[in-house]
Novice: 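Quick one: the structure is below, questions incoming.
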Number of protein chains: 2
Amino acid sequence: MKIGELSKRTDTPVRMLRYYEEQGLIHSERLPNGYRSYEDYVVDRVRQVRGLLEVGLPTRIIKQILPCLDSSKAIYLPYVTPDMIETLERERDRMAEKIECLTKNHRAISDYLEAVSHEIRAS
Amino acid sequence: MKIGELSKRTDTPVRMLRYYEEQGLIHSERLPNGYRSYEDYVVDRVRQVRGLLEVGLPTRIIKQILPCLDSSKAIYLPYVTPDMIETLERERDRMAEKIECLTKNHRAISDYLEAVSHEIRAS
DNA sequence: TCAATGTGTGACATTGGTGTGAGGGTCAAG
DNA sequence: CTTGACCCTCACACCAATGTCACACATTGA
(Lines give C-alpha, C1' and ligand atoms only; values in the text may rest on other atoms or scores of the structure.)
Protein backbone atom coordinates (compact mmCIF):
# COMPACT_ATOMS: atom_id res chain seq x y z
CA MET A 1 0.00 0.00 0.00
CA LYS A 2 1.03 3.59 -0.53
CA ILE A 3 1.45 6.20 2.14
CA GLY A 4 -2.00 7.68 1.73
CA GLU A 5 -3.73 4.44 2.49
CA LEU A 6 -1.46 3.72 5.41
CA SER A 7 -2.27 7.16 6.69
CA LYS A 8 -6.00 6.47 6.51
CA ARG A 9 -5.74 3.03 8.02
CA THR A 10 -3.71 4.22 10.97
CA ASP A 11 -5.31 7.63 11.28
CA THR A 12 -1.85 9.16 11.18
CA PRO A 13 -0.72 12.21 9.23
CA VAL A 14 1.43 11.40 6.22
CA ARG A 15 3.98 13.76 7.67
CA MET A 16 4.33 11.56 10.71
CA LEU A 17 4.70 8.37 8.73
CA ARG A 18 7.68 9.83 6.95
CA TYR A 19 9.02 11.04 10.27
CA TYR A 20 8.71 7.61 11.84
CA GLU A 21 10.59 6.17 8.93
CA GLU A 22 13.29 8.77 9.32
CA GLN A 23 13.57 7.74 12.97
CA GLY A 24 13.92 4.12 11.96
CA LEU A 25 10.61 2.97 13.41
CA ILE A 26 9.00 1.69 10.23
CA HIS A 27 10.26 0.48 6.90
CA SER A 28 9.15 1.07 3.34
CA GLU A 29 10.09 -0.18 -0.08
CA ARG A 30 10.03 2.13 -3.04
CA LEU A 31 7.93 1.74 -6.16
CA PRO A 32 9.56 2.38 -9.53
CA ASN A 33 8.27 5.93 -9.42
CA GLY A 34 9.78 6.66 -6.04
CA TYR A 35 6.59 6.31 -4.04
CA ARG A 36 6.83 4.57 -0.69
CA SER A 37 5.27 1.11 -0.57
CA TYR A 38 4.30 -0.52 2.70
CA GLU A 39 3.60 -4.11 3.61
CA ASP A 40 0.48 -4.91 5.55
CA TYR A 41 2.20 -5.54 8.83
CA VAL A 42 3.28 -1.91 8.94
CA VAL A 43 -0.28 -0.94 9.83
CA ASP A 44 0.02 -2.68 13.18
CA ARG A 45 3.50 -1.38 13.60
CA VAL A 46 2.37 2.21 13.20
CA ARG A 47 -0.46 1.67 15.66
CA GLN A 48 1.99 0.29 18.16
CA VAL A 49 4.37 3.17 17.66
CA ARG A 50 1.58 5.66 18.16
CA GLY A 51 0.46 3.91 21.30
CA LEU A 52 3.94 4.02 22.75
CA LEU A 53 4.35 7.67 21.84
CA GLU A 54 1.04 8.42 23.54
CA VAL A 55 2.25 6.95 26.78
CA GLY A 56 5.31 9.10 26.70
CA LEU A 57 8.06 7.01 25.19
CA PRO A 58 10.42 8.89 22.90
CA THR A 59 11.18 7.50 19.45
CA ARG A 60 14.72 6.76 20.57
CA ILE A 61 13.47 4.23 23.10
CA ILE A 62 10.71 2.90 20.90
CA LYS A 63 13.26 2.09 18.27
CA GLN A 64 15.20 0.07 20.79
CA ILE A 65 12.37 -1.94 22.20
CA LEU A 66 10.34 -2.53 19.06
CA PRO A 67 12.44 -5.42 17.75
CA CYS A 68 11.90 -7.29 20.99
CA LEU A 69 8.15 -7.00 20.68
CA ASP A 70 7.98 -8.80 17.36
CA SER A 71 6.64 -12.29 17.29
CA SER A 72 9.82 -13.43 15.64
CA LYS A 73 11.75 -12.85 18.83
CA ALA A 74 13.98 -15.79 18.22
CA ILE A 75 15.93 -13.90 15.63
CA TYR A 76 16.96 -11.24 18.04
CA LEU A 77 17.74 -13.36 21.03
CA PRO A 78 21.35 -14.08 20.16
CA TYR A 79 22.27 -10.49 19.46
CA VAL A 80 21.21 -8.94 22.72
CA THR A 81 23.85 -6.90 24.47
CA PRO A 82 23.96 -6.38 28.24
CA ASP A 83 23.44 -2.74 27.51
CA MET A 84 20.23 -3.54 25.71
CA ILE A 85 19.04 -5.73 28.54
CA GLU A 86 19.54 -2.88 30.92
CA THR A 87 17.51 -0.52 28.78
CA LEU A 88 14.72 -3.04 28.52
CA GLU A 89 14.64 -3.65 32.24
CA ARG A 90 14.51 0.05 32.93
CA GLU A 91 11.70 0.60 30.46
CA ARG A 92 9.80 -2.37 31.79
CA ASP A 93 9.98 -0.88 35.27
CA ARG A 94 8.99 2.55 34.07
CA MET A 95 6.04 1.02 32.31
CA ALA A 96 4.98 -0.68 35.50
CA GLU A 97 5.09 2.66 37.29
CA LYS A 98 3.05 4.27 34.59
CA ILE A 99 0.47 1.53 34.69
CA GLU A 100 0.16 2.04 38.41
CA CYS A 101 -0.22 5.80 38.03
CA LEU A 102 -2.75 5.49 35.26
CA THR A 103 -4.74 2.85 37.06
CA LYS A 104 -4.96 4.95 40.17
CA ASN A 105 -6.06 8.07 38.34
CA HIS A 106 -8.36 6.15 36.08
CA ARG A 107 -10.15 4.79 39.08
CA ALA A 108 -10.31 8.22 40.68
CA ILE A 109 -11.91 9.72 37.62
CA SER A 110 -14.31 6.82 37.30
CA ASP A 111 -15.31 7.16 40.91
CA TYR A 112 -15.78 10.85 40.50
CA LEU A 113 -17.96 10.46 37.44
CA GLU A 114 -19.91 7.84 39.28
CA ALA A 115 -20.49 10.21 42.16
CA VAL A 116 -21.53 12.97 39.82
CA SER A 117 -24.03 10.78 38.03
CA HIS A 118 -25.60 9.93 41.37
CA GLU A 119 -25.71 13.57 42.27
CA ILE A 120 -27.57 14.34 39.09
CA ARG A 121 -30.07 11.57 39.63
CA ALA A 122 -30.70 12.84 43.16
CA SER A 123 -31.40 16.38 42.12
CA MET B 1 8.09 24.73 53.35
CA LYS B 2 10.07 26.72 50.83
CA ILE B 3 10.67 25.79 47.24
CA GLY B 4 14.06 24.20 47.82
CA GLU B 5 12.68 21.65 50.22
CA LEU B 6 9.72 20.92 48.01
CA SER B 7 12.16 20.39 45.18
CA LYS B 8 14.13 17.87 47.20
CA ARG B 9 11.10 16.06 48.53
CA THR B 10 9.60 15.65 45.08
CA ASP B 11 12.84 15.28 43.17
CA THR B 12 11.71 18.05 40.87
CA PRO B 13 13.74 20.98 39.58
CA VAL B 14 12.83 24.29 41.16
CA ARG B 15 12.30 25.60 37.66
CA MET B 16 9.53 23.10 37.13
CA LEU B 17 7.79 23.88 40.39
CA ARG B 18 7.49 27.48 39.37
CA TYR B 19 6.31 26.36 35.95
CA TYR B 20 3.61 24.13 37.42
CA GLU B 21 2.44 27.04 39.50
CA GLU B 22 2.34 29.26 36.44
CA GLN B 23 0.19 26.61 34.76
CA GLY B 24 -2.14 26.58 37.72
CA LEU B 25 -1.30 23.06 38.87
CA ILE B 26 -0.04 23.89 42.35
CA HIS B 27 -0.54 26.73 44.75
CA SER B 28 1.81 28.66 46.98
CA GLU B 29 1.52 31.35 49.57
CA ARG B 30 4.14 34.03 49.83
CA LEU B 31 6.29 34.76 52.85
CA PRO B 32 6.77 38.40 53.83
CA ASN B 33 10.02 38.44 51.89
CA GLY B 34 8.42 37.19 48.69
CA TYR B 35 9.57 33.58 48.99
CA ARG B 36 7.07 30.91 48.00
CA SER B 37 5.68 28.88 50.89
CA TYR B 38 4.06 25.50 50.34
CA GLU B 39 1.76 23.43 52.50
CA ASP B 40 2.56 19.79 53.03
CA TYR B 41 -0.12 18.44 50.76
CA VAL B 42 1.62 20.04 47.80
CA VAL B 43 4.26 17.32 47.96
CA ASP B 44 1.74 14.69 46.94
CA ARG B 45 0.24 17.06 44.45
CA VAL B 46 3.54 17.55 42.69
CA ARG B 47 4.15 13.80 42.60
CA GLN B 48 0.76 13.31 41.05
CA VAL B 49 1.37 16.02 38.49
CA ARG B 50 4.68 14.49 37.52
CA GLY B 51 3.11 11.08 37.16
CA LEU B 52 0.42 12.41 34.89
CA LEU B 53 2.95 14.29 32.80
CA GLU B 54 5.01 11.14 32.45
CA VAL B 55 2.07 9.28 30.97
CA GLY B 56 1.58 11.96 28.41
CA LEU B 57 -1.08 14.27 29.76
CA PRO B 58 -0.52 17.94 29.01
CA THR B 59 -0.73 20.45 31.84
CA ARG B 60 -3.91 21.85 30.30
CA ILE B 61 -5.72 18.57 30.94
CA ILE B 62 -4.06 17.91 34.25
CA LYS B 63 -5.31 21.22 35.48
CA GLN B 64 -8.84 20.23 34.58
CA ILE B 65 -8.87 16.81 36.15
CA LEU B 66 -6.83 17.49 39.27
CA PRO B 67 -9.67 18.99 41.30
CA CYS B 68 -11.71 15.85 40.77
CA LEU B 69 -8.97 13.67 42.16
CA ASP B 70 -8.90 15.36 45.52
CA SER B 71 -10.33 13.53 48.46
CA SER B 72 -12.57 16.50 49.11
CA LYS B 73 -14.60 15.74 46.04
CA ALA B 74 -17.79 16.87 47.63
CA ILE B 75 -16.81 20.47 47.23
CA TYR B 76 -16.58 20.19 43.51
CA LEU B 77 -19.57 18.08 42.81
CA PRO B 78 -22.08 20.91 42.51
CA TYR B 79 -20.00 22.97 40.13
CA VAL B 80 -19.47 20.40 37.43
CA THR B 81 -20.44 21.49 33.95
CA PRO B 82 -21.51 19.10 31.20
CA ASP B 83 -18.46 20.26 29.33
CA MET B 84 -16.27 19.15 32.19
CA ILE B 85 -17.99 15.80 32.38
CA GLU B 86 -17.25 15.26 28.74
CA THR B 87 -13.58 16.04 29.21
CA LEU B 88 -13.37 13.67 32.14
CA GLU B 89 -15.05 10.87 30.26
CA ARG B 90 -12.73 11.32 27.33
CA GLU B 91 -9.66 11.31 29.54
CA ARG B 92 -10.91 8.31 31.44
CA ASP B 93 -11.26 6.43 28.18
CA ARG B 94 -7.89 7.55 26.94
CA MET B 95 -6.36 6.37 30.18
CA ALA B 96 -7.96 2.99 29.74
CA GLU B 97 -6.45 2.75 26.28
CA LYS B 98 -3.08 3.71 27.60
CA ILE B 99 -3.27 1.16 30.35
CA GLU B 100 -4.06 -1.48 27.80
CA CYS B 101 -1.19 -0.44 25.58
CA LEU B 102 1.25 -0.32 28.44
CA THR B 103 0.12 -3.61 29.85
CA LYS B 104 0.54 -5.33 26.54
CA ASN B 105 3.99 -3.95 25.93
CA HIS B 106 5.04 -4.47 29.50
CA ARG B 107 4.17 -8.11 29.19
CA ALA B 108 5.97 -8.38 25.88
CA ILE B 109 9.14 -6.93 27.33
CA SER B 110 8.88 -9.11 30.41
CA ASP B 111 8.43 -12.19 28.26
CA TYR B 112 11.33 -11.20 26.12
CA LEU B 113 13.62 -10.66 29.08
CA GLU B 114 12.47 -13.96 30.47
CA ALA B 115 13.37 -15.69 27.23
CA VAL B 116 16.74 -14.02 27.15
CA SER B 117 17.56 -15.05 30.69
CA HIS B 118 16.81 -18.65 29.77
CA GLU B 119 18.97 -18.32 26.71
CA ILE B 120 21.84 -17.14 28.83
CA ARG B 121 21.45 -19.94 31.32
CA ALA B 122 21.41 -22.46 28.49
CA SER B 123 24.61 -21.26 26.92
C1' DT C 1 -5.24 17.21 -22.64
C1' DC C 2 -6.43 19.33 -18.41
C1' DA C 3 -7.54 19.33 -13.64
C1' DA C 4 -7.49 17.13 -9.38
C1' DT C 5 -5.33 14.31 -6.35
C1' DG C 6 -1.37 11.85 -4.45
C1' DT C 7 3.44 11.70 -3.64
C1' DG C 8 8.34 13.37 -3.11
C1' DT C 9 11.78 16.51 -0.75
C1' DG C 10 13.05 20.33 1.94
C1' DA C 11 12.65 24.04 4.97
C1' DC C 12 10.63 26.67 8.39
C1' DA C 13 7.27 27.33 12.39
C1' DT C 14 5.03 25.93 16.50
C1' DT C 15 4.15 23.84 20.92
C1' DG C 16 5.10 22.06 25.49
C1' DG C 17 8.16 20.64 28.78
C1' DT C 18 12.69 21.62 30.25
C1' DG C 19 17.53 23.68 30.90
C1' DT C 20 20.35 27.60 31.93
C1' DG C 21 22.04 31.96 33.02
C1' DA C 22 21.89 36.94 34.29
C1' DG C 23 21.04 40.24 37.75
C1' DG C 24 19.34 41.14 42.06
C1' DG C 25 17.20 40.50 46.89
C1' DT C 26 17.26 37.64 51.81
C1' DC C 27 19.29 35.60 55.50
C1' DA C 28 22.10 32.95 58.60
C1' DA C 29 26.81 31.78 60.07
C1' DG C 30 31.42 32.99 60.66
C1' DC D 1 30.40 42.85 57.32
C1' DT D 2 31.08 39.40 54.28
C1' DT D 3 30.32 35.00 52.32
C1' DG D 4 27.52 31.36 50.74
C1' DA D 5 23.22 29.35 50.17
C1' DC D 6 18.71 30.24 48.97
C1' DC D 7 15.15 32.81 46.67
C1' DC D 8 13.10 36.12 43.14
C1' DT D 9 11.98 37.37 38.01
C1' DC D 10 12.94 37.40 33.28
C1' DA D 11 14.73 35.95 29.19
C1' DC D 12 16.74 33.04 26.01
C1' DA D 13 17.81 28.26 24.37
C1' DC D 14 16.76 23.49 23.51
C1' DC D 15 14.49 19.24 22.07
C1' DA D 16 11.12 16.24 20.20
C1' DA D 17 6.85 15.75 18.00
C1' DT D 18 4.06 17.95 14.87
C1' DG D 19 2.12 21.42 11.50
C1' DT D 20 2.53 23.88 7.31
C1' DC D 21 4.03 25.52 3.03
C1' DA D 22 6.49 25.56 -1.40
C1' DC D 23 7.62 23.38 -5.42
C1' DA D 24 8.04 19.44 -8.50
C1' DC D 25 6.71 15.06 -10.47
C1' DA D 26 3.15 11.03 -11.07
C1' DT D 27 -1.30 9.17 -11.64
C1' DT D 28 -5.89 9.15 -12.76
C1' DG D 29 -10.23 10.40 -14.56
C1' DA D 30 -13.27 13.61 -17.15
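Since the structure is predicted, the reported quantities are computational estimates derived from the model, not experimental observations. Here is how names work: the chains are called A, B, and so on, in the same order as the sequence lines, proteins then strands, and each is numbered from 1.
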Novice: Treat each ILVMFWY residue as a node, draw an edge where side-chain heavy atoms are under 4.5 Å apart, and state whether B:Tyr19 and B:Leu17 are in one component.
Specialist: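 As far as the 4.5 Å side-chain criterion goes, B:Leu17 and B:Tyr19 are connected within one cluster.
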
Novice: Which side chain to side chain donor-acceptor pair (under 3.5 Å) pairs, counting each pair once, include a residue from residues 1-10 of chain A, with sequence neighbours left out?
Specialist: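 Those involving residues 1-10 of chain A are A:Glu5-A:Arg9, A:Thr10-A:Thr12.
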
Novice: I need the full list of salt bridge (charged side-chain N to carboxylate O under 4.0 Å, His left out) pairs touching residues 55-68 of chain B, with sequence neighbours left out, sorted by first then second residue.
Specialist: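 Sorted result for residues 55-68 of chain B: empty, none.
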
Novice: Identify, with sequence neighbours excluded, every residue that meets salt bridge (charged side-chain N to carboxylate O under 4.0 Å, His left out) alongside B:Glu54.
Specialist: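 With neighbours one apart ignored, the set is A:Arg94.
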
Novice: Tell me, please, which residues at least two apart from B:Arg36 pass salt bridge (charged side-chain N to carboxylate O under 4.0 Å, His left out).
Specialist: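 For B:Arg36 the salt bridge (charged side-chain N to carboxylate O under 4.0 Å, His left out) partners, ignoring immediate neighbours, are B:Glu21.
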
Novice: On DNA chain D, reading 5' to 3', which nucleotide is the first and which the last to sit with an atom under 4.0 Å from a heavy atom of chain A, could you check?
Specialist: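 Here the contact window of chain A covers D:dA16 to D:dT27.
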
Novice: Taking only residues two or more places apart in sequence or in another chain, which ones pass salt bridge (charged side-chain N to carboxylate O under 4.0 Å, His left out) with B:Arg92?
Specialist: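 Listed in chain order: nothing, the list is empty.
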
Novice: Any pair with a residue in residues 99-110 of chain B that passes salt bridge (charged side-chain N to carboxylate O under 4.0 Å, His left out), sequence neighbours left out, goes on the list, sorted by first then second residue, please.
Specialist: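 For residues 99-110 of chain B: none.
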
Novice: Can you measure from CZ (A:Arg18) to CD1 (A:Ile3) and round to the nearest 0.5 angstrom?
Specialist: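 A:Arg18 atom CZ to A:Ile3 atom CD1 measures 4.5 Å (nearest 0.5 Å).
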
Novice: Got a sec, which residues hit side-chain hydrogen bond (donor to acceptor under 3.5 Å, both in side chains) with B:Gln48, two or more places apart in sequence or on another chain?
Specialist: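 side-chain hydrogen bond (donor to acceptor under 3.5 Å, both in side chains) check on B:Gln48 returns A:Asn105.
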
Novice: Report each atom pair, protein N/O against N/O of nucleotides 27-30 of chain C, whose distance is under 3.5 angstrom.
Specialist:
from	atom 1	to	atom 2	distance (Å)
C:dC27	OP1	B:Asn33	ND2	3.3

Novice: Using nucleotides 16-22 of chain C, report all nitrogen or oxygen pairs with the protein that are shorter than 3.5 Å.
Specialist:
from	atom 1	to	atom 2	distance (Å)
C:dG17	OP1	B:Thr59	N	2.7
C:dG17	OP2	B:Tyr19	OH	2.7
C:dG17	OP2	B:Thr59	OG1	3.0
C:dT18	OP2	B:Tyr20	OH	3.0
C:dT18	O4	B:Arg15	NH2	3.1
C:dG19	N7	B:Arg15	NE	3.4
C:dG19	O6	B:Arg15	NE	3.4
C:dG19	O6	B:Arg15	NH2	2.9
C:dT20	O4	B:Arg15	NE	3.1

Novice: Who passes salt bridge (charged side-chain N to carboxylate O under 4.0 Å, His left out) against A:Asp44, sequence neighbours left out?
Specialist: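 If we apply the salt bridge (charged side-chain N to carboxylate O under 4.0 Å, His left out) test to A:Asp44, skipping adjacent residues, the hits are A:Arg47.
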
Novice: Mind checking whether A:Leu57 and A:Lys98 have side chains closer than 4.5 Å, heavy atoms only?
Specialist: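 Yes; the side chains approach each other to less than 4.5 Å.
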
Novice: Does anything in residues 89-99 of chain B reach DNA chain D, meaning a heavy atom under 4.0 Å, and if so which residues?
Specialist: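 By residue number: none to list.
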
Novice: Between B:Val43 and B:Tyr35, is there a shared hydrophobic cluster once you connect ILVMFWY residues whose side-chain heavy atoms come closer than 4.5 Å?
Specialist: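 The answer is no; the residues belong to distinct hydrophobic clusters.
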
